[in-house]
Each structure stands twice: as C-alpha cells, then as structure tokens.
A.B. asks: 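I am attaching a structure below and will ask some questions about it afterwards.
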Amino acid sequence: MQEKYEPQAIERRWQEAWSGERVFEVTEDPSRQGDTFYALTMFPYPSGDRLHMGHMRTYTITDAIARYQRMRGRHVLHPMGWDAFGLPAENAAIKRGIHPAKWTWENIEYIRDQQMKRMGFSYDWTREIATCSPDYYRWNQWFFLKLYEHGLAYRKEAAVNWCPSCATVLANEQVIETRAAVSGAERATAAQGRCWRCESVVEKKNLMQWFFRITEYADELLAGTDELPQWPEKVRAIQRHWIGKSTGAELVFRVKGAVDEAKGATEVRVFTTRPDTACGVTYIVLAPEHPLVRELTRPEHREAVEAFIGRVAAKSEIERTAAEGEKEGVPIGAVVTNPFTGDEVPVWIANYVLYEYGTGAVMGVPAHDERDFDFARKYGLPIRQVILPPGDDPGAAPAGSATTPGGVRLEVGQMQAYTEPGTMIHSGAFDGMPSPEAIAAMTRHAEQHGFGRARVTYRLRDWLISRQRYWGTPIPMVHCPGCGTVPLPESELPLILPENVQFTGHGKSPLLSAPDWVNTTCPRCGGAAQRETDTMDGFMCSSWYFMRYVDAHNDRAPFDPAKARYWLPVDLYVGGVEHAIMHLLYFRFFTRFCHKLGLVPAPEPVTRLFTQGTVRYNGQRMSKSKGNAVSPNDLADEFGADTARVFTLFAAPPESDLDWVDSGVEGMFRFLNRVWRNVYDVLRQGGQAAGPQSAAAAKEMRRQTHGAIKKVTDDLEREFSFNTAISAIMVLSNALGDHLRLPAGEQDPAAAREAAEALVLLLAPFAPHLGEELWRELGHQGFVAFARWPVHDPAALLTDEIELAVQVNGKLRSHVVVPTAADADRIREIVLADSQTQAQIDGKQVIKVVVVPGRLVNVVIK
RNA sequence: GGGGGAGUGGCGGAAUGGCAGACGCACCUGACUCAAAAUCAGGCGCCGCAAGGCGUGGGGGUUCAAGUCCCCCCUCCCCCA
C-alpha cells in the first residue's frame with residue numbers, strides 16, 4: 001500500500017471502475033420488489049454558468065443516502081437528467097448567435113462529464129434524460145393531449161402576467177415579490193409583482209392562452225398536504241396557503257332600478273367568508289375589471305370610473321392587494337339592496353378587489369373588516385356595527401358613537417374594526433346569537449329565500465402554461481378556420497421544434513418566423529390550418545420527469561406502469577425550498593392526474609421531501625453572478641472530490657445554510673489523510689499477535705468501534721445528521737490513531753483491524769473513492785459500495801466500571817467511579833462516602849438522593 | 001398582520017429534561033527542524049493568582065435537575081398578505 005494519500009489518481013480509477021463494470025445500473029428485479037429505494041435530486045438546468053458547490057451539496061446529500069441504502073441491501077434507483085428547456089438558452093441565441101440546442105447540449109456534456117462524474121455520484125447514467133430531446137418532450141405533448149381529453153387543458157382570453165424583459169407570459173406562481181425592491185425609501189414601489197427569473201416588474205396583458213385546470217384538484221391537493229408526514233411542515237404550510245381555501249357564502253344583492261331587467265344586469269353576487277356580518281354592509285365593491293361595471297355605471301360617474309380603471313389596470317395583483325398599499329376607489333352611481341335588511345347601499349369599484357378571486361365582488365363591512373374600515377374612513381362611508389365583542393353591553397352602543405339613519409355611525413377616529421367572534425346585534429332575527437353560529441344560520445336563511453348559497457373559493461388559479469418563446473415543447477394543437485382548435489392525433493407525435501427560426505425576443509413566438517412549420521393541414525378536415533405557436537412552460541417537463549426515469553427509453557409510452565409500480569413513489573426527494581409552490585405543486589397535480597389514469601401506484605409523488613440549505617461564501621449565497629462560486633473542479637484538482645463531499649456534509653446540518661470556509665476544507669483533507677495513515681499503519685502491523693498487556697486497550701478499541709457504528713447508523717436512520725455522523729467517524733479515527741501509538745506490547749492488531757474496517761465502511765457513503773481504495777487494500781474483492789453496512793455488537797459497549805457525575809443541589813461537585821452493575825443503593829453508598837461530596841454536604845441534612853442510572857447522582861441537602 | 005423557523009465560545013456547530021460547548025476551524029504552547037511547512041503532544045467559554053463564581057437573546061415559572069418544558073418580551077431569517 002502506498003504511504004501517501006493521493007486522491008486524484010484514486011478517484012479517476014474508481015470512477016472508471018464503477019462505470020466500466022456498470023455497478024450503479026439497475027433493472028427491475030421481481031425478487032427485490034418492496035425492497036427498493038428511489039433517491040432523487042431535483043434535476044439541474046444545464047446553464048452556461050456550470051455548477052458550483054452550492055449545487056453539488058444537494059447531489060452529495062442524495063448520493064450519501066443512496067449509497068447508505070445500497071449498503072443496507074436496498075435496490076437503489078438513483079438517476080440524473082437535465083431540465084433543458086428554458087429562456088437562458090434562447091437568450092444565448094439572441095446574444096451570441098448560438099442555436100439553443102447546441103448551447104444546451106454543450107452545457108449538458110460539460111456538466112455531466114467534467115463536473116458530476118468527477119464528484120463520484122452513484123448515478124445510473126443509462127436512465128439519463130434531457131427534456132429538450134424529442135424522445136422526452138413528445139410525452140409532454142402526449143400528456144397535454146391527455147389533459148385536453150379530460151377537459152383539464154383549455155384556452156381562454158385572460159388578463160395574464162407579462163414579463164416585458166422575458167417577453168413572455170408567466171404563471172401566477174412565477175410572479176414573486178422580491179426583497180431587493182423593499183428598502184426603506186422604495187416603500188411605494190415595494191409591493192410589485194416581479195418575474196421569478198429576471199425580477200422585472202410584471203405587467204398585465206389580455207391574451208388568449210392555454211391553461212391547465214389545476215383548480216379542479218384544489219381540494220385533493222389541499223387534503224393531500226395532511227398525508228405527507230415526511231414533508232417539511234414549512235412546505236406543506238406554503239402549499240396550503242397557496243391553495244387558499246375559503247369557506248363562506250355567495251350572496252345576491254339586487255340592483256335598484258336596473259337599467260334593463262331583461263338583460264340580466266339586475267343583481268350583484270358577492271363572495272364573503274363572513275356572512276354573519278351581512279347586516280353591517282354599508283357598500284358593495286366590484287373589481288374594476290368586473291363586466292357589470294360597464295352596465296351599472298351611471299352616466300354622471302362614467303368619466304371618473306373610466307379614469308380610475310385606467311390607473312388600476314396596469315398594476316399587479318400583489319401591488320393592489322398589499323396591506324400597506326393605499327386603498328382607492330370611486331362610486332359608480334348604482335345602488336343595491338341588502339337582502340337581509342332591505343337597506344340600500346351604494347356600489348363602488350376599488351383597487352383592492354380582484355376579479356379573478358371569488359365572484360370579483362365583495363361586500364363592505366367596515367365595522368368588522370380592517371380593509372373595509374380603512375376604505376370607509378377614507379371615503380366617509382357609514383360604519384354599522386353588527387357584532388358585539390364579548391363582555392360589551394348589548395343594550396348600549398359603544399362609547400363615542402352617534403346614531404345615523406341606516407345604522408350606528410361610530411366615531412371612527414377612536415375605533416377600529418372588530419374582526420373577532422361576538423354576539424349578533426342590529427341583525428333582526430339573528431340578534432343575540434353567537435356570531436360563529438350566525439354564519440351557518442344566515443347562509444341557510446339566504447338559501448331558503450333564494451338570495452344566496454354556501455360556497456367555497458380558492459386562491460389557487462389555473463396554471464397558465466403558454467409561453468411566447470421558442471425553446472420549449474410545442475403545443476400539439478392546430479387552429480383551423482373551419483373546425484376551430486383541433487388536437488394533433490397521437491400518431492403525429494412528436495411535433496418537432498423547427499430549427500430555423502428568428503430569435504428576436506420581441507414578444508411574439510419565434511415559431512411564427514417558420515411559416516413552413518406553422519402552416520399545416522387540419523387533422524380533422526384536411527383544410528389549410530395553422531399550428532399553435534406558443535410553447536409549454538418548462539415546469540411541464542419537471543412535473544413528471546421522475547416517472548420517466550423508471551423507463552427512460554420507452555418509445556411507445558411515457559413509461560411502463562409496471563415499472564412505475566416497481567419503483568414509485570420516490571422514497572427521498574432532495575431540493576431547494578424555493579420550489580415549494582411552483583414545481584412541487586405542479587408535480588403533485590400531475591401525479592394525481594396520472595394516478596387517476598392508472599399510470600402510477602400512488603397519488604403523491606414523493607414519500608419524503610428534504611429541503612437543503614443554501615451554500616454561502618463570503619457572506620452571500622454562492623452564485624456565479626455574485627462572483628463567489630467555488631468550483632468543484634478546482635477542489636477536485638487540489639484536494640479530491642472526497643474532501644469536497646465530506647466537508648460539505650460536515651460543515652452544517654444539511655437543512656441549514658452552510659458557510660463555505662476554505663480552511664475548513666483543508667481540515668477535512670487532513671482528516672482523510674489521517675484515515676489513510678491509520679489504515680496504512682494497521683496493514684503494516686497486520687498479522688502480529690496481540691501484545692501481552694493488550695487486553696484493556698483491545699476492549700477500549702472495540703468499545704470505540706461499536707460505539708461509532710451505532711452512532712453513525714442512528715444519525716443516518718433518524719435524521720440526516722451527516723455532520724454528527726462524520727464527527728463520530730472522526731472520533732473513531734482518533735481512537736484508532738491513539739491505539740496505534742501505544743507501545744507494541746499494549747496493542748491488539750485484531751481490534752485495530754476491526755476498527756479500520758468499520759472506519760472504511762462508515763466513511764464509504766461520504767468519501768466513496770477513498771472507501772473503495774482502502775477496502776481493496778484491506779483485502780476485500782468486491783466494491784465497498786455494495787459491502788454490508790456494519791452492525792454494532794451491544795456487548796462491546798459494556799464496561800465494568802462507569803463514571804458518574806455527582807451534583808449537590810443541582811450543581812456539579814464531584815465524580816465517582818462505580819461498578820456498572822451497582823444498583824441505586826450501592827451507588828448512593830459510594831457517593832455519600834466520596835470525600836469531595838462529603839465536604840459539600842458539610843454536616844447538613846441529606847433530604848434525597850436522585851440516582852440517574854449511567855449518568856449522574858444528585859444529592860439534595862438542606 | 002398571519003404562518004414557518006432560528007438566537008449556544010473568536011467561527012461552523014454538539015447535547016432522548018441529567019456533567020453545556022462533542023467534532024472541526026482559528027488561535028496559543030511544546031516536540032521534531034538550520035529554518036519553515038507538514039506531522040505529533042498539549043491547551044483553548046467568561047471573570048479570577050487561586051479557591052471559586054458566572055454562563056445557551058432578556059424576564060418570570062415548573063422540577064431534585066432546564067439550552068431543552070410553560071408564560072411574557074426582544075432580535076433576526078423565510079413564506080404569504
């Protein structure tokens with residue numbers, strides 16, 4: 001064995017051996033069904049920036065678990081692929097004249113061969129997928145047709161989010177509020193919706209677009225969040241909130257003196273979660289986009305209303321609904337009747353009401369809603385109290401109030417909205433009822449009298465999947481002047497992206513510049529027709545890629561359901577929490593759809609989700625654009641991939657952010673050198689007989705070995721405590737080093753060898769190349785990657801004597817050594833005889849002696 | 001404002017209600033060396049010469065015993081309004 005640890009040569013050799021002997025390639029084996037483990041990491045976008053250690057951390061976490069599970073005997077599927085469609089490829093084309101396909105494939109090749117393979121990840125590369133390949137995206141198109149068939153894909157004109165910089169529309173989930181904009185002086189512009197990719201301020205545009213009806217699944221996606229015990233609570237909470245189920249009622253307010261009863265503009269429907277406050281309504285608000293606005297606006301208000309709509313239309317939803325944003329509105333002149341009280345109240349439009357949500361109309365109850373309160377105060381609208389806080393006298397109006405016709409007008413400067421439950425007042429037949437009961441009672445009343453019904457609404461909107469860009473999956477639809485929108489037959493898939501197009505980035509799909517492609521014949525009537533020129537959102541690709549890995553080369557179906565049954569659901573999915581709504585919601589939706597089609601065995605894609613922390617360097621999140629990216633290639637050159645891997649796992653718990661510290665990396669390299677040196681020394685002294693005075697040292701060595709096996713196994717089984725597991729391996733290595741430095745007569749070669757073997761096995765999932773090399777040096781033939789994970793021997797952990805801490809009145813005062821077998825009485829005797837303890841007791845009365853077996857003794861004195 | 005999470009040495013971080021600071025980094029001392037690096041041995045929460053005292057964001061509480069459990073407060077991060 002070589003005396004010096006030289007990772008570069010070792011790592012290359014083992015990477016070649018793994019790939020040459022195809023050890024990580026797996027095929028379905030019926031005898032191992034039920035014993036499988038599917039370990040998956042969110043696949044990367046093959047960016048021109050290449051990968052840095054921030055990316056590698058994620059892959060290292062999954063790989064460590066995949067390797068551990070293999071050693072535990074599981075049949076492990078661990079695939080990798082490329083989320084290869086997206087804007088940067090197209091922007092590179094515009095900027096540098098490289099075709100997106102060429103740019104993408106070059107990046108893939110570099111990242112795969114020069115970066116990932118050098119890190120020693122145990123992927124089954126035969127299952128590699130790239131979503132920009134027609135072999136893959138034809139199944140995006142297939143799924144699109146299936147969704148269309150089931151009424152879950154549809155086209156409509158809608159006010160959609162438009163990113164002027166990316167020159168395309170965005171799904172609701174892709175509009176974010178960035179922190180960058182929120183900085184003191186910029187308060188006014190803070191609450192703006194911005195593009196998730198480029199942070200440009202998002203605009204509203206009316207366009208005809210394709211949507212997936214994810215709202216159809218809102219309820220089951222919501223219910224499903226409760227059946228994911230191994231998902232972080234944070235992610236489940238974010239999803240619940242995003243789905244945003246509201247239970248309440250829809251109420252009908254009749255329009256007084258409707259212009260034309262026959263045309264139907266005779267009523268306004270509002271959605272409210274608080275029907276119990278209905279008698280407190282003092283106005284009604286419509287969203288500015290509400291179609292009734294045009295019909296109901298009185299001529300004398302028309303000018304002001306149109307001016308207001310013009311101002312509001314351009315603003316994003318986030319901006320409009322932000323709590324700190326100014327609420328603005330104008331009356332439109334119409335008057336409606338409160339169905340509960342018969343009171344007449346005015347109709348307004350305001351910026352804080354969204355057309356897309358609920359019915360696009362709300363009732364204004366200033367006394368019991370903060371937003372309505374602010375609005376009423378600003379515009380001098382009456383405030384009518386209908387719920388009395390507990391403890392208030394129902395006979396008396398609140399102090400400082402004055403009565404006005406139509407209700408109680410409060411001195412608003414001294415009051416605020418009361419939003420909690422209470423007792424009903426000023427609500428006719430419902431007076432005296434607790435308000436939570438009134439919610440149901442008043443809803444029932446509305447239903448019986450035909451002016452309302454119980455209703456549930458969601459915050460979740462349908463998923464807008466059209467993109468006006470080139471580098472994505474073509475939507476397999478044809479627009480025929482005679483037949484309308486016609487789906488392509490499955491037999492015509494894949495619909496291949498044309499190669500020669502103009503990349504302009506001007507907001508029209510580049511596909512329009514390929515007339516040979518656009519002009520086609522209608523699949524139904526055979527007449528001249530045009531293809532759909534929008535492409536699909538990239539999140540389409542990532543919604544089902546984990547299914548494709550189970551059968552990556554199937555050219556008759558997206559995958560074989562039998563193979564899906566063998567591997568799915570994914571046992572462990574590792575990725576960033578930034579995907580908590582976008583990707584993770586879409587792919588749950590897709591999985592549920594596929595489950596209904598009978599394609600996958602479970603309604604949820606992933607049993608355990610793990611969200612890792614970010615990697616920081618010099619105080620900032622590591623990224624190429626911030627110029628603080630640490631290159632895995634440089635690390636592999638200088639210290640080897642194993643050092644980079646083990647440092648990444650050791651420096652912080654995997655769910656926490658990690659500070660990259662160069663000196664820490666060097667420390668890890670020193671540790672691996674010590675491991676190497678220890679195994680070298682064991683081998684050099686191997687075969688010797690145990691020394692004459694070795695019994696105690698052998699016992700201690702074995703205790704250390706089996707203690708480490710237990711600790712590392714527990715840490716990996718319970719939580720992914722790689723940092724403490726590696727620390728336990730360090731303790732074992734240090735103990736082995738100590739043993740090897742004992743005088744020859746006190747050493748025990750057998751115990752040392754057992755320690756070395758355990759050391760190598762325990763370290764192998766984290767430092768796999770070093771593991772293979774040392775395993776071979778220790779005389780084993782097979783790969784350590786498939787060696788059996790060690791099991792600790794409880795007997796080795798037992799000792800004859802044990803040291804206990806002694807506290808007096810809870811303060812640490814002494815230590816005593818007692819036989820391990822001693823019972824509480826015997827321990828008490830030994831402790832009370834201890835001179836240090838005696839000195840503390842100092843003749844005082846011993847009230848009680850608490851003995852905690854194996855740990856400590858607390859003597860309570862007075 | 002609502003939801004999720006976090007505050008422990010110089011730093012990253014350990015601690016099923018049971019000896020706070022495992023393990024590592026940095027630093028200090030010593031050995032080896034002409035010297036340095038590497039390596040090895042030792043030290044390393046704060047105050048104190050010491051005995052000892054004080055210490056897990058702050059304040060209360062429960063307990064023989066609290067970083068850990070309960071109540072109040074402060075600060076920071078993330079998500080949503």
Side-chain angles (χ1 to χ4, degrees), chain A residues 4 173 176-179 190-191 193 232-244 317-325 352 354 357 370-371 416-417 419 459 576-581 611 613-616 621 646-653 655-671 673-674 677 707-708 711-712 714-715 718-719 721-735 737-738 740-741 803-816 839-840 846-862:
Chain A
K4 194 165 179 292
E173 288 79 6
I176 53 165
E177 183 186 355
T178 60
R179 285 192 64 251
E233 177 51 33
K234 176 180 182 160
V235 172
R236 292 192 288 154
I238 290 172
Q239 292 217 345
R240 263 184 233 120
H241 197 118
W242 186 260
I243 294 167
E317 256 166 49
I318 290 173
E319 194 175 357
R320 278 171 55 180
T321 56
E324 64 264 32
Y352 69 90
L354 303 176
Y357 183 78
E370 280 165 24
R371 254 184 342 193
Q416 56 182 12
T419 58
R459 199 179 109 85
V577 73
E578 66 274 16
H579 292 108
I581 24 192
T611 53
T614 61
V615 176
R616 299 170 178 282
R621 185 187 175 126
V646 185
F647 172 73
T648 300
L649 296 173
F650 177 72
E655 68 277 11
S656 308
D657 287 350
L658 181 157
D659 282 310
W660 193 266
V661 182
D662 293 321
S663 61
V665 179
E666 287 163 31
M668 190 53 68
F669 184 59
R670 286 201 292 268
F671 166 65
N673 272 286
R674 281 197 297 274
R677 180 76 207 190
K711 170 76 174 149
V712 173
D714 286 351
D715 283 351
R718 257 209 329 262
E719 293 299 325
S721 297
F722 304 112
N723 54 332
T724 54
I726 291 165
S727 137
I729 296 170
M730 288 172 167
V731 172
L732 173 59
S733 178
N734 291 345
D738 289 346
L740 294 169
R741 277 184 290 275
E803 191 185 59
L804 298 181
V806 178
Q807 295 180 335
V808 176
N809 281 351
K811 290 197 185 280
L812 183 66
R813 295 301 183 189
S814 180
H815 287 93
V816 292
Q840 286 294 330
V846 174
I847 297 180
K848 176 158 135 183
V849 179
V850 181
V851 177
V852 183
R855 292 195 179 268
L856 59 61
V857 177
N858 190 8
V859 181
V860 186
I861 62 171
K862 190 166 74 179

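In what follows, every chain begins at residue 1, and chains take the letters A, B, ... in the order their sequences are listed. What you see below is based on every heavy atom in this structure, not just the backbone, and it leaves out hydrogens, waters and symmetry mates. What you see is a predicted model; the values in this text were computed from it and never measured.
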A.B. asks: Whole angstrom is fine here: how far is it from CZ in A:F722 over to C1' in B:G12?
C.D. replies: 18 Å
A.B. asks: Taking only the P atom of each, what is the distance from B:C23 to B:C74 in whole angstrom?
C.D. replies: 39 Å
A.B. asks: Base, sugar-phosphate or nothing for A:V852? Non-hydrogen atoms, less than 4.0 Å.
C.D. replies: base
A.B. asks: Just to be sure I understand the rule, does A:N673 reach a base, reach only the sugar-phosphate, or reach nothing, if contact means heavy atoms closer than 4.0 Å?
C.D. replies: nothing
A.B. asks: Nearest whole Å is fine: how far is B:G52 P from A:Q840 CD?
C.D. replies: 8 Å
A.B. asks: With the side chain counted from C-beta on, respond yes when A:F722 and A:V646 share a heavy-atom pair under 4.5 Å apart, and no when they do not.
C.D. replies: no
A.B. asks: Would you please name every residue forming a ring pair (Phe, Tyr, Trp, His ring centres under 6.0 Å) with A:F647, sequence neighbours left out?
C.D. replies: A:W660
A.B. asks: Should A:V859 and A:V846 count as side-chain neighbours, where that means a heavy-atom distance under 4.5 Å?
C.D. replies: yes
A.B. asks: Looking for any heavy atom pair under 4.0 Å, which part of the strands does A:R240 touch: base, sugar-phosphate only, or nothing?
C.D. replies: nothing
A.B. asks: Using a 4.5 Å cut-off on heavy atoms from C-beta on, say whether the side chain of A:Q807 contacts that of A:V857.
C.D. replies: no
A.B. asks: From the options B:G13, B:C64, B:C78, select the nucleotide whose nearest atom is closest to the side chain of A:A652.
C.D. replies: B:G13
A.B. asks: OP1 or OP2 of B:A81 less than 4.0 angstrom from a side-chain nitrogen or oxygen of A:R459, does that happen here?
C.D. replies: yes
A.B. asks: Measure the distance from CD on A:Q239 to P on B:G4 and round it to the nearest whole Å.
C.D. replies: 16 Å
A.B. asks: Contact class for A:L856 (heavy atom, under 4.0 Å): base, sugar-phosphate, or nothing?
C.D. replies: base
A.B. asks: Over all strands shown, is A:P653 touching base, sugar-phosphate only, or nothing at heavy-atom distances under 4.0 angstrom?
C.D. replies: sugar-phosphate
A.B. asks: In whole angstrom, what separates A:E233's CD from B:C78's C1'?
C.D. replies: 14 Å
A.B. asks: Could you tell me how far B:A51 sits from B:C47 if I compare only their C1' atoms? Round to whole Å.
C.D. replies: 14 Å
A.B. asks: Can you name the residues that form a side-chain contact (heavy atoms from CB on, under 4.5 Å) with A:S814, not counting sequence neighbours?
C.D. replies: A:V806, A:D834, A:Q836, A:T837
A.B. asks: Relative to the 5' end of RNA chain B, which residue comes earlier, A:Q807 or A:A237, by the nucleotide with the nearest heavy atom?
C.D. replies: A:A237
A.B. asks: Looking only at atom C1', what distance separates B:A14 and B:G67, rounded to whole Å?
C.D. replies: 11 Å
A.B. asks: Mind listing the closest non-hydrogen atom pair of A:A805 and A:L812 along with its distance?
C.D. replies: CB-CD1, 3.7 Å
A.B. asks: Taking only side-chain nitrogens and oxygens of A:R741, does any of them come within less than 4.0 Å of OP1 or OP2 of B:A41?
C.D. replies: yes
A.B. asks: Which value, in whole Å, describes the distance between the P atoms of nucleotides B:A31 and B:A36?
C.D. replies: 11 Å
A.B. asks: Can you tell me, in whole Å, how much space there is between the P of B:G10 and that of B:A6?
C.D. replies: 23 Å
A.B. asks: Without decimals, in angstroms, what is the distance between A:E655 CD and B:G12 C1'?
C.D. replies: 14 Å
A.B. asks: With C1' as the reference atom in both, quote the distance from B:C44 to B:U29 in angstrom, rounded to an integer.
C.D. replies: 11 Å
A.B. asks: Could you check how far CZ of A:F671 sits from P of B:A38, rounded to whole Å?
C.D. replies: 19 Å
A.B. asks: For atom C1', what is the distance between B:U62 and B:G17, given to the nearest Å?
C.D. replies: 12 Å
A.B. asks: At under 4.0 Å between heavy atoms, how does the protein contact nucleotides 22-31 of chain B? Give one character per nucleotide, 5' to 3', with B, S or -.
C.D. replies: BBSSS-----
A.B. asks: Hey, does A:R236 reach any base, or is it just sugar-phosphate, or nothing, if we go heavy atoms under 4.0 Å?
C.D. replies: nothing
A.B. asks: For Watson-Crick and G-U wobble pairs within 3.5 Å on both distances, what is RNA chain B written in dot-bracket notation, | included for inter-strand pairing?
C.D. replies: (((((((..(((.....[....))).(((((.......))))).(((....)))..(((((..]....)))))))))))).
A.B. asks: Do the side-chain N or O atoms of A:K848 get closer than 4.0 angstrom to the phosphate oxygens (OP1, OP2) of B:U63?
C.D. replies: no
A.B. asks: Any idea if B:G13 is syn or anti, going by the 90°-from-0 cut?
C.D. replies: anti
A.B. asks: Under the rule for side-chain contact (heavy atoms from CB on, under 4.5 Å), what residues qualify as partners of A:E233, not counting sequence neighbours?
C.D. replies: A:R236, A:A237, A:R240
A.B. asks: How long is the line joining NE2 of A:H815 and P of B:G18, in whole Å?
C.D. replies: 16 Å
A.B. asks: In Å and rounded to the nearest 0.5 Å, what is the CG to CE distance from A:N673 to A:M668?
C.D. replies: 12.0 Å
A.B. asks: A:V849 versus A:V851: any side-chain heavy-atom pair under 4.5 Å?
C.D. replies: yes
A.B. asks: Heavy atoms, side chains only, cut-off 4.5 Å: are A:T611 and A:E578 in contact?
C.D. replies: no
A.B. asks: Please state how far atom CG in A:N858 lies from atom C1' in B:G17, giving the value in whole angstrom units.
C.D. replies: 13 Å
A.B. asks: Taking C-beta and beyond as the side chain, do A:V860 and A:N809 meet within less than 4.5 Å on heavy atoms?
C.D. replies: yes
A.B. asks: For the P atoms, the ones on B:U56 and on B:G2, what distance do you get once it is rounded to whole angstrom?
C.D. replies: 29 Å
A.B. asks: Apply side-chain contact (heavy atoms from CB on, under 4.5 Å) to A:L740 and list each qualifying residue two or more places apart in sequence or on a separate chain.
C.D. replies: A:N678, A:D681, A:V682, A:Q685, A:L736, A:Q747, A:A752
